[in-house]
Amino acid sequence: MRCSNCGVCCTETEMLLSKRDIALLVKRGFSESYFVNYDQQGYAQLKNLEGYCVFYDLAKRQCSVYADRPSGCRVYPVILDEDVGIVLDEICETRDTISLQEKRLKGKKVIKLLEMIDDEAADRRS
Ligand code: SF4
């Protein structure tokens with residue numbers, strides 16, 4: 001797909017993180033407390049700073065950790081709508097440039113990723 005770098009998807013992000021996502025960014029030198037929020041259900045989520053993901057470079061309008069960005073950011077704008085299933089996020093202005101094949105492939109990844117994230121959150125609660 002063709003991303004326009006509008007930055008909307010990195011604004012007030014609610015992106016969930018897997019253990020692997022966290023480990024990759026910690027390996028890169030970031031402390032977990034800098035970029036991770038844990039909610040009461042044990043889910044890890046990217047932190048925001050002044051309205052944007054902590055990793056969003058506002059001056060350059062790009063992700064500052066692009067090579068190591070979380071899995072959810074990689075499959076975006078494909079997301080899971082609890083009521084509808086796999087959909088393209090409506091806030092993404094270039095969502096229609098994604099091919100059907102890419103949507104299907106990323107949709108499978110989203111399902112797997114969310115199952116893993118659910119399991120990891122359950123482990124934290126136990
Ligand atoms: S990690 Fe990068 S791509 Fe993901 S929300 Fe943050 S700035 Fe955007």
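Since the structure is predicted, the reported quantities are computational estimates derived from the model, not experimental observations. All heavy atoms count here, side chains included; hydrogens, waters and symmetry mates do not. Whatever order the structure lists ligands and atoms in, that order sets their numbers, starting from 1.
- You'll find the ring centres of Phe35 and Phe55 inside the 6.0 Å limit.
- The backbone N or O of Cys53 sits nowhere less than 3.5 Å from a side-chain atom of Thr13 that would complete a donor-acceptor pair.
- Remark: Lys103 pairs with no residue by the salt bridge (Lys or Arg N to Asp or Glu O under 4.0 Å) rule, at least two apart or across chains.
- Among residues at least two apart or in separate chains, side chain to side chain donor-acceptor pair (under 3.5 Å) pairs with a member in residues 44-68 are Arg28-Asp68, Tyr66-Arg69.
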Table please: side-chain donor-acceptor pairs of residues 75-85 below 3.5 Å, with sequence neighbours left out.
| residue | atom | partner | partner atom | Å |
| --- | --- | --- | --- | --- |
| Tyr76 | OH | Asp89 | OD2 | 3.0 |
| Asp81 | OD1 | Asp83 | N | 2.8 |
| Asp81 | OD1 | Val84 | N | 3.1 |

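- Around atom 2 (Fe) of ligand 1, protein N, O or S atoms at less than 2.8 Å comprise Cys63 SG.
- A distance-only check finds no donor-acceptor pair linking the side chain of Arg95 to the backbone of Leu88 [under 3.5 Å].
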